[in-house]
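Quick caveat, the model's predicted, so the values are computed rather than measured.
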Amino acid sequence: MARKRDTQPLNPVTVHREFFGVPGVVTVMAVTISVVYIWYFSCNAEAGCQLPLTSARWSHIVSAAADYRAYLSLEAIIYYALWWSWLAMLYFVIPCPVIQGVELRNGRRLEYPINGLPSFFVTLGTALLVYAAKGSRPFLWIADHYFQLAVASVLFSTSQALFVYLYSFRRSSSQNDSGEPVMLALAGNSGNPLYDFFIGRELNPRIGSLDLKFFNELRPGIMGWVLLNVSFAMKQHARFGSISNSMWLAIVPQIWYCIDTLLFERKVLTTMDIMTDGFGWMLSFGDLTWVPAMYSLQARYLSCNPVHHSTFLAALIAAMSLGSFLIFRLSNSEKNAFRTNPSDPSLKHLEYITTEAGTKLLVSGWWGMARHINYTGDWFYGLAQCLATGFDTPMTYFFAVYFLVLLIHRNYRDECKCREKYKKDWVRYCERVPYMFIPHVI
Ligand code: NDP
């Protein structure tokens with residue numbers, strides 16, 4: 001039952017602007033699109049993948065930018081739209097548990113269908129049928145049109161962000177029939193159109209029961225990343241007659257990471273993205289363009305530079321992948337299990353401190369080693385996939401550098417949040433668990 005929770009206006013005006021306001025968000029948009037663009041034109045079969053970029057390479061990149069029509073492909077735009085629509089259709093038709101999200105400011109909870117993983121397997125089955133009927137040709141087309149598809153995804157994600165921005169001005173929420181106003185994100189209601197378009201004005205834009213933020217978060221982009229990886233592996237096979245051990249070392253852990261994410265789809269409902277961020281350009285572009293285009297870099301590189309590792313090095317990289325994945329998964333699962341049912345007998349060996357905020361903080365097990373040991377596992381897992389590309393170029397290590405910055409920033413935001421929430425209990429907790437990422441180091 002809906003309850004009005006307080007006397008505050010539902011949608012207060014955003015006063016504090018993140019990213020240094022409008023100049024900052026314009027810079028983020030320009031830089032992120034440029035990174036996709038520069039990494040493509042400076043790291044491909046013809047250009048090689050070398051740094052520093054020479055003036056000749058820069059002038060090639062700039063002249064290619066002027067020739068944008070060569071990369072604006074109607075075919076790619078249509079296929080991209082079909083991909084998105086296919087997954088949206090599966091969102092509606094695959095029977096699944098429907099669960100409630102966290103309580104919103106207006107006292108309501110939205111419902112979400114948890115069918116990401118079955119959607120993935122239906123899509124995988126369909127891809128196998130396509131392969132049986134047409135061989136590798138459609139996949140090679142995807143690998144060959146990577147950049148046209150990336151451009152299509154930029155157009156699509158930007159149009160989607162524009163749509164949700166304009167849609168947020170409708171008079172009442174479509175999520176109930178009580179004429180309640182549309183619920184905006186606390187950070188995305190500054191009144192500046194460009195800033196709000198970037199951050200996301202509406203918290204949970206929905207078309208009927210299609211929750212755009214939840215849908216975009218794990219489906220078209222994450223599954224698109226898998227499809228690109230598979231296509232690049234086929235491309236390598238078509239070019240060189242086999243698939244290198246480095247390709248397997250890069251794509252198998254990535255595909256597994258996507259499956260793991262979909263397996264724990266319901267967890268996304270308690271992330272900052274879903275609970276507090278609006279749905280605007282930042283998430284739309286991040287989900288639809290950034291993840292598939294940049295995270296598939298290792299496979300794209302290896303499709304034209306097949307690195308063959310010695311058995312010893314391959315085993316070392318595989319062990320690093322496995323070890324770091326276990327740290328990531330076991331630490332996250334331990335916290336989830338503890339938070340879901342702290343009295344579970346299998347957790348009785350774990351020590352914790354009680355807090356005035358009411359929730360308990362683990363101080364032993366994985367969470368006794370470091371306050372964000374899960375980030376450490378996640379980062380080393382990504383690093384192992386970069387190592388799979390060998391040592392000929394630093395460009396394929398983009399993900400490790402970017403992800404390090406992302407996790408350090410995320411750690412900072414989370415520490416601020418916890419210090420604010422737990423106050424002196426957080427100080428106590430930090431005394432018990434003094435390290436942030438690596439026990440006895442940092
Ligand atoms: P966490 O899963 O680490 O959650 C942090 C929260 O957990 C804190 O705010 C606090 O919430 C609670 N908490 C902190 N310490 C303890 C403790 N000792 N005992 C019990 N609860 C505690 O953060 P994220 O949601 O950022 O990350 C989840 C996973 O997703 C990570 O493994 C991360 O690496 C991964 N990730 C991957 C990304 C990618 O692009 N691949 C991007 C971002 C994240 P409370 O207020 O409830 O106490």
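The side-chain heavy atoms of Gln160 and Phe279, taken from C-beta on, include a pair separated by under 4.5 Å.
In this structure, a donor-acceptor pair under 3.5 Å is absent between the side chains of Glu75 and Gln148. With 3.5 Å as the limit, one finds a donor-acceptor pair spanning the side chains of Ser153 and Thr289. With hydrogens and angles left out, the side-chain atoms of Thr158 and Trp281 include a donor and acceptor closer than 3.5 Å. Side chains of Tyr91 and Trp86: no donor on one and acceptor on the other come within 3.5 Å. For Asn11 and Arg105, the side-chain atoms include at least one donor-acceptor pair closer than 3.5 Å. A donor and an acceptor atom, one from each side chain of Tyr257 and Asp378, are located under 3.5 Å apart. There is no side-chain donor-acceptor pair under 3.5 Å between Ser296 and Asn229.
Residues forming a ring pair (Phe, Tyr, Trp, His ring centres under 6.0 Å) with His309 (at least two apart in sequence, or on another chain): none. For Phe214, the ring pair (Phe, Tyr, Trp, His ring centres under 6.0 Å) partners two or more places apart in sequence, or in a different chain, are Tyr112. Evaluation of the salt bridge (charged side-chain N to carboxylate O under 4.0 Å, His left out) rule for Glu334 yields no partner, not counting sequence neighbours. Asn336 is linked by a side-chain contact (heavy atoms from CB on, under 4.5 Å) to Lys267, counting only residues two or more places apart in sequence or in another chain. Among residues two or more places apart in sequence or in another chain, the salt bridge (charged side-chain N to carboxylate O under 4.0 Å, His left out) test is passed with Asp260 by Arg329. Take Ser244 and apply the side-chain contact (heavy atoms from CB on, under 4.5 Å) test, not counting sequence neighbours, and it matches Gln236, Ser246, Met247, Pro306, His308. By the side-chain contact (heavy atoms from CB on, under 4.5 Å) test, His237 pairs with Ile243, sequence neighbours left out. Contacts of Asp277 classified as side-chain contact (heavy atoms from CB on, under 4.5 Å), with partners at least two apart in sequence or in another chain: Asp273, Leu283, Arg413. For the salt bridge (charged side-chain N to carboxylate O under 4.0 Å, His left out) test, residues two or more places apart in sequence or in another chain that qualify with Glu415 are Arg371.
Taken from CD1 in Ile38 to CD1 in Ile33, the straight-line distance is 12.0 Å, to the nearest 0.5 Å. Separating the OG1 atom in Thr32 from the CE atom in Met282 is a distance of 11.0 Å, to the nearest 0.5 Å. Here Asn374 contributes atom CG and Lys335 contributes atom NZ; the two are 6.5 Å apart, rounded to the nearest 0.5 Å.
Annotation for Phe169: atom CZ counts as buried by contact number, over 12 foreign heavy atoms lying within 6.0 Å. Crowding of Trp141 atom CH2: a count of heavy atoms from other residues, nucleotides or ligands under 6.0 Å exceeding 12. Counted within 6.0 Å of CZ on Phe20, heavy atoms from surrounding residues, nucleotides or ligands total 12 or fewer; the atom is thus considered open.
Across all their heavy atoms, Arg201 and Ser168 have their closest contact at NH1-OG, 2.9 Å. Between Ala388 and Leu249 the shortest heavy-atom distance is CB-CB, 3.8 Å. Among all heavy-atom pairs drawn from Pro113 and Arg219, the shortest one is O-NH2, 3.4 Å.
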Cut-off 3.5 Å, no hydrogens considered: what does the side-chain donor-acceptor table look like for residues 318-327, sequence neighbours left out?
| residue | atom | partner | partner atom | Å |
| --- | --- | --- | --- | --- |
| Ser324 | OG | Met320 | O | 2.5 |
| Ser324 | OG | Ser321 | O | 3.2 |
| Ser324 | OG | Tyr381 | N | 3.3 |

Donor-acceptor list for residues 44-53 side chains, cut-off 3.5 Å, not counting sequence neighbours:
| residue | atom | partner | partner atom | Å |
| --- | --- | --- | --- | --- |
| Asn44 | OD1 | Glu46 | N | 3.0 |
| Asn44 | OD1 | Ala47 | N | 2.7 |
| Asn44 | ND2 | Tyr40 | O | 2.9 |

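Between Trp290 and Phe285, the ring planes lie tilted relative to each other; the angle falls in the 30° to 60° range. Note on ring orientation: taking the six-membered ring where Trp is involved, the planes of Tyr165 and Phe197 are perpendicular (angle over 60°, cut-offs 30° and 60°).
Side chain of Tyr167 to backbone of Glu202: no donor-acceptor contact under 3.5 angstrom is found.
Within the structure, side-chain hydrogen bond (donor to acceptor under 3.5 Å, both in side chains) contacts touching residues 389-400 (residues at least two apart or in different chains) are Thr389-Thr396.
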